[in-house]
Amino acid sequence: MSTIKLTVNGRAVSVDVEDRTLLVHLLRENLNLTGTHIGCDTSQCGACVVHVDGRAVKSCTMLAGQAAGSNVTTIEGLAKGDELHPMQAAFRDNHGLQCGYCTPGMIMSAVDIVHRHGGKLDEETVRHELEGNICRCTGYHNIVKAVLDAASRMKVAQAAE
Amino acid sequence: MYETTYHRASSVDDAVALFGKGTEAKFLAGGQTLLPVMKQRLAAPSDVIDLSKVKELIGIEPTGDGIVVRAATTHYDVATSNVVQKAIPALAHLASLIGDPAVRHRGTIGGSLANNDPAADYPAAVLALGATIKTNKRTIAADDFFKGLFATALEDGEIITAVSFPVQAKAGYAKFPNPASRFALTGVFVARTPAGDVRVAATGASQSGVMRVGPIEAALKANWSAGAIDGVTIPSAGLLADIHGSAAYRANLIKVMAQRAVITAG
Ligand SMILES: Cc1cc2nc3c(=O)[nH]c(=O)nc-3n(C[C@H](O)[C@H](O)[C@H](O)COP(=O)(O)OP(=O)(O)OC[C@H]3O[C@@H](n4cnc5c(N)ncnc54)[C@H](O)[C@@H]3O)c2cc1C
Ligand code: FES
Ligand code: FES
């Protein structure tokens with residue numbers, strides 16, 4: 001057992017877990033943040049994507065101990081109170097989800113993509129960069145539309161700041 | 001995953017000492033290979049020694065005639081490094097094709113080389129560019145490093161600390177990715193040295209891991225152009241055959257990827 005101290009969605013937390021605990025299990029089982037999903041056991045589906053120190057990572061492929069001292073953001077940390085993050089709003093407006101299982105990981109990956117590419121995002125880049133996120137329902141078209149829509153909303157929001 | 005004990009190393013010396021204390025210790029870098037294997041209970045290290053926060057193992061520096069990439073540098077940092085993009089753009093391009101963004105944010109060059117997956121990308125660049133692998137004990141030439149499927153010249157407990165890449169006159173990489181895993185169904189790295197020698201390495205194709213491709217090297221040495229590869233015959237003996245492609249299919253892919261790599265190299 002080890003005591004892991006980290007910051008999750010802006011809140012400092014300290015949890016006692018076995019060393020073999022994966023970050024995704026710490027989030028879901030110790031912190032009850034069940035928005036982060038587990039969709040595979042081969043590190044391929046991306047349902048578990050969260051941000052660790054500002055970078056999108058698969059939380060099923062990182063030990064909790066590796067995240068000690070880090071700043072973690074999960075899907076629960078995106079909205080400001082009742083106001084959805086522009087990416088969440090764009091997924092809703094563009095019908096970017098059906099069953100919703102892949103959606104938290106999609107949104108966390110998508111926010112990371114927009115942060116890295118800013119206004120220079122085009123459809124080809126979005127498709128290439130979403131390769132690590134698998135969706136069994138939508139056929140991806142509306143997800144790509146949502147990401148591009150959110151990218152322009154986020155640019156406008158940034159310009160207004 | 002079986003039980004294990006996690007250690008975060010503070011330096012290379014600390015990592016070596018921690019490794020010595022474990023009964024069946026393993027180094028952990030990005031974890032993008034080791035953790036999936038541990039999750040499937042195909043590996044059960046008593047101790048995992050995390051190298052990913054060791055400062056002396058992270059970073060990229062230009063040298064007089066090349067670049068040095070330290071072992072725990074992530075694929076993402078190689079893909080986006082100005083130093084790499086300027087000196088060896090083909091290497092930055094290769095790193096940008098590994099897996100997906102989340103894998104690139106964690107996976108490291110040292111982990112990829114130590115693992116020597118027969119379909120991994122970096123081994124092709126290291127072999128074709130004639131890079132040198134530095135460890136905590138010695139320096140190993142690329143030609144002596146890869147020893148077949150998942151096997152390398154590394155001894156038990158030896159740590160890759162950096163990879164030193166010479167800048168060549170021309171370099172290019174093209175891969176046909178497996179559409180599901182993104183690993184190379186076949187990937188080919190081509191390089192021409194300032195003296196006019198040619199080195200070509202293929203990954204994903206051979207049953208014994210990354211390999212030099214002599215017939216294409218000879219053709220490109222005589223005439224550096226995609227067309228020069230048209231008449232080359234690649235024997236399919238010893239090539240991988242699986243659900244994704246036969247040996248003959250991979251033999252042809254080696255030619256096609258080499259041609260595309262030459263075109264990107266210019
Ligand atoms: C979904 C997915 C897709 C992928 N697609 C690709 C792809 O397209 N192309 C590709 O090439 N790879 C791909 N990979 C593998 C990825 O590149 C890994 O990052 C890489 O193979 C291992 O690097 P790591 O830092 O994660 O190593 P780890 O998993 O931490 O370690 C791997 C092995 O190397 C050893 N090791 C690590 N660092 C050192 C060191 N410095 N010295 C000595 N030994 C060390 C460890 O003990 C372990 O045995 C993919 C992985 C995933 C999960
Ligand atoms: S749960 Fe599928 S990649 Fe993490
Ligand atoms: S919406 Fe169902 S898996 Fe993507």
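For clarity, every value in this text was computed on a predicted model and none was experimentally measured. Letters A, B, ... mirror the listed sequences (proteins, then strands); counts begin at 1.
- Neither the backbone nor the side chain of B:Thr80 comes within less than 4.5 Å of any heavy atom of chain A.
- Nearest heavy-atom pair, B:Arg8 versus A:Ala68, reported as atom, atom and distance to 0.1 Å: NH2-O, 3.2 Å.
- The distance from the CG atom of B:Leu97 to the NE2 atom of A:His128 is 6.0 Å, given to the nearest 0.5 Å.
- Between A:Gln44 and B:Asp100 the shortest side-chain heavy-atom distance does not fall below 4.5 Å.
- Heavy-atom pairs under 4.5 Å with chain A peak, among B:Gly30, B:Ser52, B:Ser96, B:Pro101, at B:Pro101.
- For the pair B:Pro177/A:Glu131, no side-chain contact is recorded, criterion being any heavy-atom separation below 4.5 Å from C-beta on.
- To the nearest 0.5 Å, the span separating CG on A:Asp19 from NE2 on B:His7 amounts to 7.5 Å.
- For B:Leu34, no part lies under 4.5 angstrom from a heavy atom of chain A.
- B:His105 places no side-chain N or O within 3.5 Å of a backbone atom of A:Val57 that could act as its donor or acceptor partner.
- Heavy-atom distances place the side chain of B:Thr74, and not its backbone, under 4.5 Å from chain A.
- Shown here is B:Lys53, whose NZ atom has more than 12 heavy atoms of other residues, nucleotides or ligands within 6.0 Å.
- Smallest separation of non-hydrogen atoms from A:Asp41 and B:Gln40: O-NE2, 3.7 Å.
- None of A:Gln66, A:Arg20, A:Glu18 except one satisfies the side chain to side chain contact (heavy atoms under 4.5 Å, CB included) rule with B:Tyr6; the exception is A:Gln66.
- Heavy atoms of A:Asn133 lying under 4.5 Å from chain B are absent altogether.
- Within a 6.0 Å radius of CZ in B:Arg260, other residues, nucleotides and ligands contribute 12 heavy atoms or fewer.
- Both the backbone and the side chain of A:Thr61 come within less than 4.5 Å of a heavy atom of chain B.
- Within a 6.0 Å sphere centred on NE2 of A:His117, heavy atoms belonging to other residues, nucleotides or ligands number more than 12.
- Without hydrogens or angle criteria, B:Lys39 side chain to A:Cys60 main chain gives a donor-acceptor distance under 3.5 Å.
- Heavy-atom neighbours of A:Arg127 CZ from other residues, nucleotides or ligands within 6.0 Å: above the threshold of 12.
- Contacts of B:Val37 with chain A are absent, with no heavy-atom separation under 4.5 Å from either backbone or side chain.
- Residue A:Leu22 touches chain B through its side chain alone, counting heavy-atom pairs closer than 4.5 Å.
- Interatomic distance, B:Glu3 CD to A:Met1 CE, rounded to the nearest 0.5 Å: 10.0 Å.
- Heavy atoms closer than 4.5 Å to chain A are found in the backbone of B:Tyr2, but not in its side chain.
- A heavy-atom distance below 4.5 Å is not found between the side chains of A:Leu63 and B:Met38.
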